[in-house]
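Heads up, the thing below is written out as structure tokens.
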Amino acid sequence: DAGVIQSPRHEVTEMGQEVTLRCKPISGHDYLFWYRQTMMRGLELLIYFNNNVPIDDSGMPEDRFSAKMPNASFSTLKIQPSEPRDSAVYFCASSWRGRVVGELFFGEGSRLTVL
Amino acid sequence: RKEVEQDPGPFNVPEGATVAFNCTYSNSASQSFFWYRQDCRKEPKLLMSVYSSGNEDGRFTAQLNRASQYISLLIRDSKLSDSATYLCVVNPPNAGNMLTFGGGTRLMVKP
């Protein structure tokens, strides 16, 4: 079975550019999470969706960040304009309410470098 | 105070050693607890859940102390392949499937 699929795996961009990260959750999963990981701050939850509806976006750093989930099989995280401090690994994860709480399935991550 | 705190390490141990990590959490109403493992430059993966009565999975033992709000992970007979970062994870109350991760403890097992 396919796991969570993220793209791009690596992105290098210049300050001020728009960045769009994409995620395809595991089929049948009804929760989708966007996390950001840095050495300084560890794994931080940015936003999560349940049945395509944003439930908690309190972790989104500021208005430059936005996330959408137009359908059950696709989500995007957009940063506009990007800044060097946004450099991090962005993970998408999905889970299913029917499973034991706590088992998130992570994608391989999108490593973003903003110059 | 961070919601989930861990000693970042690294813990450097020889093969065959026993090593233990602790983690503290701030929300006393948290219900569910887990350990995840993250290999270098890879995604986190669930290692094991932590039950109130303590639980074992092979060489790994997890324990929960609700009164002191800490969770532990014990690894016996360490293998080289155990080298990774171990993330303490908490499911806060009324948060559905949302998880809060600690910063991780890095373990390096040496030959």
Side-chain angles (χ1 to χ4, degrees), chain A residues 3-7 9-10 21 23 25-26 28-60 88-113, chain B residues 1-10 21 23-27 29-52 55 57 60 62 64 71 73 84-106:
Chain A
V4 175
I5 300 172
Q6 292 187 244
S7 65
R9 293 290 311 282
H10 301 274
L21 308 178
C23 175
I26 293 172
H29 282 192
D30 55 356
Y31 280 87
L32 184 139
F33 305 82
W34 282 101
Y35 283 88
R36 175 173 70 176
Q37 187 173 38
T38 61
M39 288 291 291
M40 290 296 294
R41 301 172 68 91
L43 261 173
E44 302 173 281
L45 178 66
L46 300 177
I47 184 170
Y48 78 97
F49 298 82
N50 180 219
N51 292 321
N52 313 338
V53 176
I55 302 300
D56 185 346
D57 66 354
S58 59
M60 296 284 262
V89 180
Y90 291 80
F91 286 104
C92 176
S94 70
S95 71
W96 171 47
R97 183 189 291 273
R99 288 199 72 93
V100 173
V101 172
E103 187 161 24
L104 300 191
F105 294 84
F106 283 80
E108 294 181 304
S110 293
R111 185 173 296 272
L112 173 65
T113 302
Chain B
R1 182 184 173 188
K2 288 184 180 179
E3 290 186 60
V4 183
E5 295 207 56
Q6 295 182 251
D7 180 344
F21 311 133
C23 151
T24 58
Y25 60 95
S26 61
N27 191 329
S30 297
Q31 294 296 310
S32 305
F33 309 90
F34 313 90
W35 284 101
Y36 271 66
R37 170 188 169 132
Q38 186 173 23
D39 292 313
C40 188
R41 302 181 76 84
K42 298 287 190 180
E43 72 275 21
K45 293 183 180 178
L46 178 65
L47 176 66
M48 61 194 299
S49 301
V50 184
Y51 302 122
S52 298
N55 50 294
D57 183 0
F60 297 81
L64 168 64
I71 305 148
L73 178 67
T85 296
Y86 291 84
L87 301 164
C88 177
V89 185
V90 174
N91 176 229
N94 305 313
N97 282 21
M98 191 270 281
L99 301 179
T100 299
F101 286 76
T105 298
R106 189 172 174 202

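These figures come from a predicted structure and were not determined experimentally. To find a chain, count down the sequence lines: A is the first, B the second, and so on, and within it residues start at 1.
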Point to revise | Per-residue contact mode, B:Q38 against chain A (heavy atom under 4.5 angstrom) | key: side chain
Point to revise | Side chain / backbone / both / neither for B:Y36 at chain A, heavy atoms under 4.5 Å | key: side chain
Point to revise | Rounded distance [0.5 Å steps], CZ in A:F105 versus CD in B:E43 | key: 11.5 Å
Review point. Roughly how far, to the nearest 0.5 Å, is NZ of B:K42 from CZ of A:F106?
Key: 15.5 Å
Study note, to complete from the structure: Of B:Q31, B:K45, B:R41, the largest count of non-hydrogen pairs under 4.5 angstrom with chain A goes to B:R41
Check your understanding: Do other residues, nucleotides or ligands put more than 12 heavy atoms under 6.0 Å from B:R37 CZ?
Key -> yes
Check your understanding: Going by residue number, which parts of residues 32-46 of chain A are within reach of chain B, meaning a heavy-atom gap below 4.5 Å?
Key -> A:F33, A:Y35, A:Q37, A:L43, A:L45
Point to revise | Side chains of B:L46 and A:L104 in contact at under 4.5 Å (non-hydrogen atoms) | key: no
